[in-house]
Amino acid sequence: MPKITAGRPRNPRPSLDAFATRVARNVIRIRTNAGYTADDCAAACGCGRTTWYRIESGRHASSAGGMLDRIAGVLGVDLSELTRKPRGK
């Protein structure tokens, strides 16, 4: 039987889930402030509605294939706006 020992976490890097959640919140905030619908943004971005909804729910690897660049272009913001941490935190 293998010995179980306490130690450092297996993955000490920041969570990709936290990054995806931050991007999702920023995308939703920017999109709604601009008055765009998710469907309109998906069409303008050239991705399917399902993909866009996964991005907004934090369940999509949105950085793959330059997707973040395309999203930033559709929303008319700099890429850093999508990835920045909330102010005051």
Side-chain angles (χ1 to χ4, degrees):
M1 178 185 261
K3 182 179 177 183
I4 299 174
T5 59
R8 67 182 191 165
R10 287 183 176 198
N11 186 2
R13 294 180 297 167
S15 170
L16 289 178
D17 290 340
F19 178 76
T21 299
R22 182 181 344 140
V23 169
R25 288 179 180 161
N26 288 335
V27 167
I28 293 168
R29 176 182 50 80
I30 294 166
R31 178 183 60 74
T32 56
N33 286 345
Y36 300 139
T37 68
D39 289 346
D40 292 338
C41 288
C45 191
C47 66
R49 289 174 34 183
T50 301
T51 299
W52 190 270
Y53 286 111
R54 285 182 179 161
I55 291 165
E56 287 196 352
S57 68
R59 294 182 293 140
H60 186 272
S62 56
S63 61
M67 181 64 82
L68 287 179
D69 285 331
R70 291 179 11 210
I71 294 169
V74 166
L75 296 175
V77 297
D78 188 73
L79 180 61
S80 64
E81 283 296 306
L82 299 181
T83 60
R84 74 174 174 81
K85 291 184 179 181
R87 292 185 177 114
K89 292 189 179 187

Exercise for review: Among Leu82, Val77, Leu68, find the one that has a side chain to side chain contact (heavy atoms under 4.5 Å, CB included) with Val27.
Suggested key: Leu82
Check your understanding: Can you check whether Ile71 reaches Trp52 side chain to side chain, under 4.5 Å on heavy atoms?
Key -> yes
Exercise for review: Specify the closest pair of heavy atoms between Gly58 and Ala20, including all atoms of both residues, with the distance to one decimal.
Suggested key: O-CB, 3.6 Å
Exercise for review: Verify the cluster assignment for Ile30 and Val23: are they in a single hydrophobic cluster under the rule of side-chain heavy atoms below 4.5 Å apart?
Suggested key: yes
Check your understanding: To the nearest 0.5 Å, what is the distance between CD (Glu81) and CG (Leu75)?
Key -> 10.5 Å
Practice item. Go through the steps to decide whether Val74 and Arg31 satisfy the test side chain to side chain contact (heavy atoms under 4.5 Å, CB included), and finish with yes or no. Key: CA-CA 9 Å; Val74 166; Arg31 178 183 60 74; over 6 Å; no
Practice item. Kindly give the heavy-atom pair with the smallest separation between Gly48 and Ala42, and that separation in Å. Key: O-CB, 3.8 Å
Check your understanding: Can Glu56 and Arg25 be counted as an ion pair, charged N to O under 4.0 angstrom?
Key -> no
Check your understanding: Just by modelled atom types, is the Tyr36 backbone N or O under 3.5 Å from a matching donor or acceptor in the Asp40 side chain?
Key -> no
Review point. Among side-chain atoms of Thr37 and Asp39, is any donor-acceptor pair under 3.5 angstrom?
Key: no
Check your understanding: Distance-only, no hydrogens or angles: does the Ser57 side chain make a donor-acceptor pair with backbone N or O of Tyr53 under 3.5 Å?
Key -> yes
Review point. About how many Å separate SG of Cys45 and CD1 of Ile55, when rounded to the nearest 0.5 Å?
Key: 6.0 Å
Point to revise | Straight-line distance of Cys41 SG to Ile28 CD1, nearest 0.5 Å | key: 11.0 Å
Check your understanding: Out of curiosity, Arg22 CZ to Thr83 OG1, how far, rounded to the nearest 0.5 Å?
Key -> 7.0 Å
Review point. Is the side chain of Asn26 donor-acceptor paired with the backbone N or O of Arg84 at a distance under 3.5 Å, no angle test?
Key: yes
Exercise for review: Report yes or no: does Arg54 contribute a side-chain atom to a donor-acceptor pair with the main-chain N or O of Arg59 at less than 3.5 Å?
Suggested key: no
